[in-house]
Protein chains: 2
Amino acid sequence: MASSPDRPSQKTGLPRRAPTAHDVAALAGVSQSAVSRCFTPGASISDDTRRRVQAAAEQLGYRPNLIARSLIKRRSTIIGVVIPGLQNPFYSSVLEALSADLAAAGYRILLFNAPARGTPDPVLDEVLNYRVDALILVSSTLSSGLADECQNIGLPVVQLNRTAERSTVSSVVGDNHGGAATVARFLLACEHQRFAFIAGLETASTSREREAAFLATIEEAGKPVKRAVANYAFDEAQAAARMLLGGDAPPDAIFCANDYMALAVLGVARAEFGLTVGRDISIAGFDDLPMAAWPEFSLTTFRQPVRAMSARAVAMIDAQLQGTDSGRSEVVAGDLVVRGSTRVPAYGVVEVENERVWRP
Amino acid sequence: MASSPDRPSQKTGLPRRAPTAHDVAALAGVSQSAVSRCFTPGASISDDTRRRVQAAAEQLGYRPNLIARSLIKRRSTIIGVVIPGLQNPFYSSVLEALSADLAAAGYRILLFNAPARGTPDPVLDEVLNYRVDALILVSSTLSSGLADECQNIGLPVVQLNRTAERSTVSSVVGDNHGGAATVARFLLACEHQRFAFIAGLETASTSREREAAFLATIEEAGKPVKRAVANYAFDEAQAAARMLLGGDAPPDAIFCANDYMALAVLGVARAEFGLTVGRDISIAGFDDLPMAAWPEFSLTTFRQPVRAMSARAVAMIDAQLQGTDSGRSEVVAGDLVVRGSTRVPAYGVVEVENERVWRP
DNA sequence: TTGAAAGCGCTAACAA
DNA sequence: TTGTTAGCGCTTTCAA
């Protein structure tokens with residue numbers, strides 16, 4: 001043998017070389033392509049050869065180099081996932097679901113945790129250099145040249161929980177319009193009189209769609225609606241709540257563009273204004289975080305079915321990779337889950353699987 | 001020109017070919033190595049050549065293929081991160097911190113979201129095939145051949161928030177022993193009489209170390225301690241709370257191995273047993289989740305400084321990659337943050353940066 | 001400063 | 001079923 005595979009390379013200062021298929025082939029006394037075949041499911045190889053290769057591979061601690069494989073196959077089995085801050089548990093849940101679904105489909109996640117606000121990270125641009133097989137954009141902000149750029153170069157992209165106007169990029173979203181309208185009708189059915197909406201990021205399609213539907217429905221009923229912006233941030237939501245509840249003619253019903261903000265508002269209403277939530281005031285959110293069901297919050301909220309959304313996104317990625325490019329945009333239906341943070345209307349509440357939902 | 005770079009390859013059914021350095025070179029009328037130099041910081045190249053290459057690259061939409069670069073440099077600038085379920089916000093915070101710190105250091109994250117319990121995922125084994133530059137193991141369970149295997153093949157590994165006995169693998173942990181002992185002394189100072197500890201996973205070093213220190217300190221004081229196991233799971237923590245509070249001589253002080261379980265216990269104590277937490281009973285946790293400070297919980301807890309832990313882990317990775325292999329194991333100090341979920345002892349509480357901490 | 005040439009570790013024709 | 005051969009797209013000597 002020429003050299004021990006353990007020897008650090010001498011000329012270059014590069015990291016110690018891991019055993020290659022070539023090393024294994026030499027030890028097993030077969031060709032290097034035989035080694036490749038041994039690690040290729042469905043390849044044509046005899047039992048005898050396979051055993052010898054496996055033995056040699058084990059002895060050397062050989063692992064097929066997926067980087068080299070990617071290069072030649074032009075498939076990395078890596079999916080880039082761009083997702084905003086994980087402080088909001090909704091995104092944690094989404095990431096967890098994506099991780100599970102993508103792993104099941106044989107993909108890994110290259111993670112780009114972009115701040116929700118502020119300038120688009122230059123790091124993001126780099127995602128394409130890694131030759132990911134596809135990109136999943138779970139972000140709140142509307143415009144992103146990134147999505148269109150991918151589309152142009154033929155890289156499959158799916159937007160999750162966001163849409164972009166003037167864009168043909170595929171997307172999977174919850175029922176922002178229907179959900180927010182349902183919440184509005186629900187709060188009207190509770191016979192509330194003064195409404196408020198707390199918006200997330202004004203550049204986010206989610207917040208804009210929810211706001212449009214909510215305001216339209218309330219105004220149609222001839223009731224007043226106030227509005228505040230809290231950018232999907234916890235502390236800004238607290239500030240918005242103080243502003244609304246401390247002002248003239250405070251609202252008796254607040255709809256927040258997501259649960260995370262609703263939890264902040266709930267805390268302020270109770271701890272700082274001494275309100276009994278669900279009686280003095282109704283507070284509703286959007287998402288149905290796991291936490292929303294905790295007794296401390298018991299938050300009425302329109303559910304976004306995270307698992308279903310993740311599954312659809314992965315399916316769309318798969319379809320695009322197969323070339324069977326499916327439809328452009330999908331809306332995943334949800335339900336208004338009725339809990340203790342709102343009054344209960346006189347009609348429409350039904351029990352489904354140990355939960356109360358509103359289906360008038 | 002022989003062929004348009006846009007043409008899908010005809011013989012193979014492979015994805016459309018992205019422009020390569022070769023294409024750029026042809027268009028710019030230079031050699032392919034000139035293109036490489038243009039994208040290599042500090043390489044020797046004339047301004048004229050650089051400009052021509054840049055123009056050609058832009059026209060073609062060329063992006064250096066990092067996969068090919070990795071193959072040759074034996075560096076992927078990708079770090080594998082193995083982390084359990086993100087339902088526990090502690091792990092979300094850790095992942096977010098790691099993501100920021102690694103990005104700042106020029107690394108990307110290949111994410112492996114392993115279930116906290118159950119059989120070690122076979123997917124995990126695959127992480128090494130991607131030729132990540134290093135591995136960060138943020139997991140709770142004790143034994144993992146993975147860490148040692150990496151160590152053996154010379155791959156830098158750092159364990160975050162866990163240690164393994166009989167292992168030389170580097171680790172960064174919070175002050176499990178000191179923290180739990182401090183919580184014990186704190187609850188004793190509150191003059192509690194009947195104590196309980198709710199353990200996480202019995203295979204997790206975190207839970208074991210916290211339990212050992214807590215129990216030793218309480219027993220030293222001659223007080224009784226009960227014990228339940230909830231495996232770091234929310235619903236199991238609820239069940240444990242029901243068991244403890246519904247039994248004979250229920251505890252008047254409960255220390256949970258982490259905040260996530262403490263929040264579950266808090267809810268049960270209040271909603272199901274009608275207890276006023278912080279008066280009838282003291283409940284303390286470990287981690288200091290962002291949520292612990294919310295008014296609904298106001299949880300007294302021993303803080304694990306996530307940002308500092310992440311920074312240390314990344315520094316250790318860097319050191320190992322530079323070859324300047326630093327120390328093996330680090331303990332990051334924390335503080336006992338005093339809030340409303342416990343009684344307040346007669347001494348030792350001091351105000352630090354708008355927070356009350358216990359420093360007797 | 002430049003180009004030619006030799007690989008990085010692997011897969012995929014093609015013959016044998 | 002096998003081995004041989006030709007690359008995947010890039011970096012890096014080595015001469016020129």
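A, B, ... follow the sequence lines: proteins, then strands. Residue 1 opens every chain. None of the values given here were measured: they were computed from a predicted structure.
Counting non-hydrogen atoms under 4.0 angstrom, A/T20 reaches the backbone sugars and phosphates but no base.
Looking at residues two or more places apart in sequence or on another chain, you find no salt bridge (charged side-chain N to carboxylate O under 4.0 Å, His left out) involving B/D318. With sequence neighbours left out, B/R307 forms a salt bridge (charged side-chain N to carboxylate O under 4.0 Å, His left out) with B/D101. In this structure, the side chain to side chain contact (heavy atoms under 4.5 Å, CB included) partners of A/S36, at least two apart in sequence or on a different chain, are A/T40. Partners of A/A103 by side chain to side chain contact (heavy atoms under 4.5 Å, CB included), not counting sequence neighbours, listed by chain and number: A/R108. Evaluation of the salt bridge (charged side-chain N to carboxylate O under 4.0 Å, His left out) rule for B/D48 yields B/R52 as partners, not counting sequence neighbours.
Looking at the side chain of B/R17, the nearest of the listed nucleotides D/dC10, D/dG9, C/dT11 is D/dG9.
The side chain of B/R74 contributes no N or O atom lying less than 4.0 Å from OP1 or OP2 of C/dC8. OP1 and OP2 of D/dT11 both lie 4.0 Å or more from every side-chain N or O belonging to B/R75. Contact annotation: A/Y130 does not reach the phosphate of D/dG9 (side-chain N/O to OP1 or OP2, under 4.0 Å).
Between the CG atom of B/L71 and the P atom of D/dT12 there is a distance of 12 Å, given to the nearest Å. Taking atom NE2 on B/H22 and atom P on D/dA6, their separation rounds to 17 Å, with Å as the unit.
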Tabulate protein N/O versus nucleotide N/O from nucleotides 1-3 of chain C, keeping only pairs under 3.5 Å, one per line.
unit_1 : atom_1 : unit_2 : atom_2 : d
C/dT1  : OP2    : B/S44  : OG     : 2.3
C/dT1  : O5'    : B/S44  : OG     : 3.4
C/dT2  : OP1    : B/S46  : OG     : 2.8
C/dT2  : OP1    : B/T49  : OG1    : 2.3
C/dT2  : OP2    : B/S46  : N      : 3.1
C/dT2  : OP2    : B/T49  : OG1    : 3.3
C/dG3  : OP2    : B/S31  : N      : 3.0
C/dG3  : OP2    : B/S31  : OG     : 3.0
C/dG3  : N7     : B/R37  : NH1    : 3.3
C/dG3  : N7     : B/R37  : NH2    : 3.3
C/dG3  : O6     : B/R37  : NH2    : 2.6

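Residues B/T77 and A/Y130 bring a donor and an acceptor atom of their side chains to less than 3.5 Å of each other.
Within the structure, the ring pair (Phe, Tyr, Trp, His ring centres under 6.0 Å) test picks out no pair touching residues 65-84 of chain A (sequence neighbours left out).
In the helix from C/dT1-D/dA16 to C/dA16-D/dT1, the end axes, each obtained as the rotation axis mapping the C1' atoms of four pairs onto the next four within a five-pair block, lie 40° apart to the nearest 10 degrees.
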Can you give each donor-acceptor pair under 3.5 Å made by side-chain atoms of residues 59-67 of chain B, sequence neighbours left out, with the distance rounded to 0.1 Å?
unit_1 : atom_1 : unit_2 : atom_2 : d
B/R63  : NH1    : A/D125 : O      : 3.1
B/R63  : NH1    : A/N129 : OD1    : 2.8
B/R63  : NH2    : A/D125 : OD1    : 3.1
B/R63  : NH2    : A/E149 : OE2    : 2.9
B/N65  : OD1    : B/I67  : N      : 2.8
B/N65  : OD1    : B/A68  : N      : 3.2

